[in-house]
Amino acid sequence: MSRTAEEYYLEGNKWRKKGDFMKAQNCYLEAIALDPDSPAVTALEMLNDIQNFYHKDYYNP
């Protein structure tokens, strides 16, 4: 049974709220792959902004 872009997006929101940004990112990417116009595009951008703000060492070792 395959999942829809909406289901991946909603699951990504759940992981983001729990603080598991990597799992949230993976769900958002799956949603975007299925539907490039998914609201997951905006959610992923916001998640990246959060990670850039709180986890600068991810990008600047």
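Residue indices begin at 1 and follow the sequence shown. Only heavy atoms go into these numbers, but all of them, side chains included; no hydrogens, no water, no symmetry mates.
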query = At their closest point, which heavy atom of Ala31 faces which heavy atom of Tyr9, and how far apart are they?
reply = CB-N, 3.9 Å

ask   = Side-chain heavy atoms under 4.5 angstrom apart, residues restricted to Ile, Leu, Val, Met, Phe, Trp, Tyr: same cluster for Leu44 and Ile50?
value = yes

request  = Quick one: closest heavy-atom pair of Ala5 and Asp35, and the distance?
outcome  = CB-CB, 3.7 Å

task = Of all the heavy-atom pairs spanning Leu47 and Ala24, show the shortest one and how long it is.
result = CD2-CB, 4.0 Å

key: Validation row: Glu7, Leu10 side chains within 4.5 angstrom (heavy atoms)   = no

key: Separation between SG of Cys27 and CH2 of Trp15, rounded to the nearest 0.5 Å   = 8.0 Å

note = Of Lys17, Lys23, Arg3, the one forming a salt bridge (charged side-chain N to carboxylate O under 4.0 Å, His left out) with Glu11 is Arg3

request  = Find out whether Asp20 and Met22 are in side-chain contact, i.e. whether some heavy atom of one side chain is under 4.5 Å from a heavy atom of the other.
outcome  = yes

query = For the atom pair OG1 (Thr42) and CD1 (Ile32), what is the distance rounded to the nearest 0.5 Å?
reply = 8.5 Å

inquiry  = Quick check: do Thr4 and Leu34 have side-chain heavy atoms less than 4.5 Å from each other?
reply    = no

query = Hey, are the side chains of Tyr28 and Asn13 touching, using non-hydrogen atoms and a 4.5 Å cut-off?
reply = yes

query = Distance from Leu29 atom CG to Tyr8 atom OH, nearest 0.5 Å?
reply = 11.5 Å

